[in-house]
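Structure first, then comments.
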Amino acid sequence: MSNTRPGWLTDPCPAWCQEDHADQWHPEDRAHASEHVVVPVITIDRGFAGGGELVREVAATELAVVVYRQVGAREVWVTVANDRQRIEVTRESAARLRDALDAALARTARE
């Protein structure tokens, strides 16, 4: 991260911001962003083959998790994405998803 703050950056960076704002000259690119955490995951893609039968393909991939807020905005967003898929929700929505995932994992851990 650069030590020089651009003139357009008038609000302070949140503690979690890891962005190099010197590269964000276009107003649409100006955002505070956390470290990108890459998580290895196993996914399943579902589709239909030529004969109409359901096909499931299991694949190893990675998902990046990043928290960001546009400069000058108040809403903080959480993105979980790779080059093929993306979930982008508010921080509050991410917390509800986390709670639902924790509960689902706790229920299935009893098996």
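Nothing fancy with the numbering, it's 1 onward along the sequence. Every value quoted in this text rests on a predicted model; they were computed, and no experiment measured them.
Crowding of Ile87 atom CD1: a count of heavy atoms from other residues, nucleotides or ligands under 6.0 Å not exceeding 12.
Among residues two or more places apart in sequence or in another chain, the side-chain hydrogen bond (donor to acceptor under 3.5 Å, both in side chains) test is passed with Thr90 by Ser93. The side-chain contact (heavy atoms from CB on, under 4.5 Å) search around Ala95 returns Arg98, not counting sequence neighbours. Not counting sequence neighbours, the partners of Ala49 by the side-chain contact (heavy atoms from CB on, under 4.5 Å) test are Glu53, Val55. Take Arg74 and apply the side-chain contact (heavy atoms from CB on, under 4.5 Å) test, not counting sequence neighbours, and it matches no residue. Shown here are the side-chain contact (heavy atoms from CB on, under 4.5 Å) partners of Leu54, two or more places apart in sequence or in another chain: Arg46, Phe48, Arg56. Taking the salt bridge (charged side-chain N to carboxylate O under 4.0 Å, His left out) definition, one finds that Arg84 meets it with Asp45, sequence neighbours left out.
Separating the CD atom in Glu75 from the CZ atom in Arg91 is a distance of 8.0 Å, to the nearest 0.5 Å. In this structure, the separation between CD on Glu35 and CH2 on Trp16 is 13.0 Å, given to the nearest 0.5 Å.
Applying the side chain to side chain donor-acceptor pair (under 3.5 Å) test to pairs two or more places apart or on separate chains, those with a residue in residues 57-69 are Thr61-Asn82, Tyr68-Glu88.
Ser34 pairs with exactly one of Val66, Val65, Thr79 by the side chain to side chain contact (heavy atoms under 4.5 Å, CB included) rule, that one being Val66.
Val80 is connected to Val41 through a chain of hydrophobic side-chain contacts under 4.5 Å among Ile, Leu, Val, Met, Phe, Trp and Tyr, so both are in one cluster.
The side-chain heavy atoms of Val67 and Val76, taken from C-beta on, include a pair separated by under 4.5 Å.
Through direct or relayed side-chain contacts under 4.5 Å between Ile, Leu, Val, Met, Phe, Trp and Tyr, Leu105 connects to no other residue. Through chains of ILVMFWY side-chain contacts below 4.5 Å, Val58 is grouped with Ile42, Ile44.
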